[in-house]
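Chain letters run A, B, ... following the sequence lines, proteins first, then strands; residues in each count from 1.
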Protein chains: 2
Amino acid sequence: MKLSEGVEAAIHCAAVLARLEDGRALPASALAELHGLSPSYLLKHLQALSGAKIFESLPGPNGGYRLARAPERISLLDIVLAVEGAEPAFRCAEIRQRGPGALEPTAYVKPCGIKVAMLRAEKAWRAVLAETKLSEIVAGYQAEADPRAVAFNCAFVGRHQRPQGRSFPKAPK
Amino acid sequence: MKLSEGVEAAIHCAAVLARLEDGRALPASALAELHGLSPSYLLKHLQALSGAKIFESLPGPNGGYRLARAPERISLLDIVLAVEGAEPAFRCAEIRQRGPGALEPTAYVKPCGIKVAMLRAEKAWRAVLAETKLSEIVAGYQAEADPRAVAFNCAFVGRHQRPQGRSFPKAPK
DNA sequence: CTTATTGCGGATAAATAATATCCATGATAT
DNA sequence: ATATCATGGATATTATTTATCCGCAATAAG
């Protein structure tokens with residue numbers, strides 16, 4: 001079982017955007033450069049996040065990405081599901097319905113007990129992710145990271161952030 | 001994020017072995033046929049489980065697989081880790097150490113907050129799997145499955161189980 | 001209106017992992 | 001001796017992940 005590397009990248013990007021001044025945006029190229037990631041691949045994840053209404057995108061020059069809502073209202077689960085997809089990690093292939101001795105499909109009304117148990121565990125995983133907000137990640141970063149790294153990030157973001165304010169030129173459809 | 005199909009197969013196999021008479025074994029071919037799975041691929045998972053001391057294997061004619069300990073002492077986590085490997089699903093690529101503004105590696109003494117949060121969620125997942133025992137899965141199956149399926153399984157197992165008792169000819173190394 | 005910048009979406013290629021198969025070997029009950 | 005069965009390595013096949021590229025639409029600025 002593996003999570004894609006895109007999850008880590010997405011959370012890092014979200015944390016950077018959370019620390020922008022209100023309403024400002026950052027272009028994808030800056031996010032990629034800051035994290036040393038391939039711009040073309042990061043774009044895929046950014047698009048997924050903006051499709052999930054977690055990020056907002058502003059086209060045109062001075063465009064870029066920003067958070068669609070306050071960091072307290074974005075959970076790690078939101079980000080993980082946007083990047084990885086919402087299907088559970090355990091995909092029941094209904095092995096119980098295979099082999100000799102299989103009954104007609106309508107005989108399997110009750111869910112497979114193995115599936116139930118596996119999904120129960122996954123629910124616990126999701127619950128922890130859901131109660132961990134992006135704001136906590138940002139607070140932890142500010143408190144624990146090396147002051148030099150924090151300073152560099154502030155300077156970098158200051159150089160690249162775009163001047164859009166909270167009011168949209170046109171609501172993104 | 002996805003679990004391999006082998007996990008489902010492994011748990012089904014474990015549940016079947018749990019219902020054998022004490023000390024009896026079942027050959028891999030019978031397990032594969034019963035579940036409609038490819039014998040050569042299932043073998044891989046069976047070997048992993050026997051390597052993890054969850055199953056025991058008996059070579060030779062009348063050989064096969066059986067549980068290495070009582071179903072109450074085998075958790076779903078044991079099985080999942082044996083099949084999927086023990087590494088966590090979230091592999092931190094230390095993105096924070098990349099890009100411009102990266103510091104010398106020794107500057108990162110505190111663990112990455114994102115990694116900590118992701119592993120905390122995974123710990124919750126593992127905890128639920130650890131407290132779910134194979135015996136519960138078997139009990140649920142006996143109680144909820146279609147009586148015809150249960151009867152078929154009993155008959156099938158009865159035809160294929162091997163007569164070994166609890167005493168080993170030689171302890172497996 | 002033109003131009004430069006930026007995100008969007010699709011197509012595609014490369015790398016990696018999961019799935020599946022085969023074969024030679026060793027153990028063992030009959 | 002022989003047939004049965006697990007072991008372990010090698011290898012093919014398929015799916016998924018990662019990465020790149022290009023034409024398109026939107027938009028701010030001149």
In whole Å, I'd like the distance from the [atom1] atom of [X] to the [atom2] atom of [N].
| X | N | atom1 | atom2 | value |
| --- | --- | --- | --- | --- |
| A:E5 | D:dA19 | CD | C1' | 11 Å |
| A:Q161 | C:dT6 | CD | C1' | 17 Å |
| B:H45 | C:dT21 | NE2 | C1' | 13 Å |
| B:E8 | C:dA18 | CD | P | 17 Å |
| A:L31 | C:dT6 | CG | C1' | 13 Å |
| A:L37 | D:dT17 | CG | P | 18 Å |
| B:Y41 | D:dA10 | OH | P | 19 Å |
| A:E87 | D:dT16 | CD | P | 11 Å |

*Do A:Y108 and A:L103 touch side chain to side chain, with heavy atoms closer than 4.5 Å?*
yes
_side-chain contact (heavy atoms from CB on, under 4.5 Å) partners of B:P27, counting only residues at least two apart_ = B:S29, B:A30, B:R162
*Return the set of residues passing side-chain contact (heavy atoms from CB on, under 4.5 Å) with A:Y141 (not counting sequence neighbours), or none when no residue passes.*
A:R19, A:A145, A:A149, A:V150, A:N153
*Tell me what A:S40 touches on the nucleic acid: a base, only sugar-phosphate, or nothing, going by heavy atoms under 4.0 Å.*
base
*In terms of the nearest nucleotide of DNA chain C, which residue is placed more toward the 5' end: B:R91 or B:S38?*
B:R91
*Nearest heavy atoms of A:C92 and A:K115, plus distance in Å*: CB-CD, 3.7 Å
*Just compare C:dA29, D:dT17, C:dT5 and give me whichever is closest to any side-chain atom of A:P61.*
C:dT5
_Base-contact (B) and sugar-phosphate-only (S) positions in nucleotides 7-16 of chain C, heavy-atom cut-off under 4.0 Å, - elsewhere_ = SBBBB-----
_Quick one, A:E104 with B:R148, criterion salt bridge (charged side-chain N to carboxylate O under 4.0 Å, His left out). Give me CA distance, side-chain angles, the key distance, then yes/no._
CA-CA 11 Å; A:E104 68 283 357; B:R148 289 173 294 163; 3.1 Å; yes
*Among B:R69, B:R24, B:R66, whose salt bridge (charged side-chain N to carboxylate O under 4.0 Å, His left out) with B:E56 holds?*
B:R66
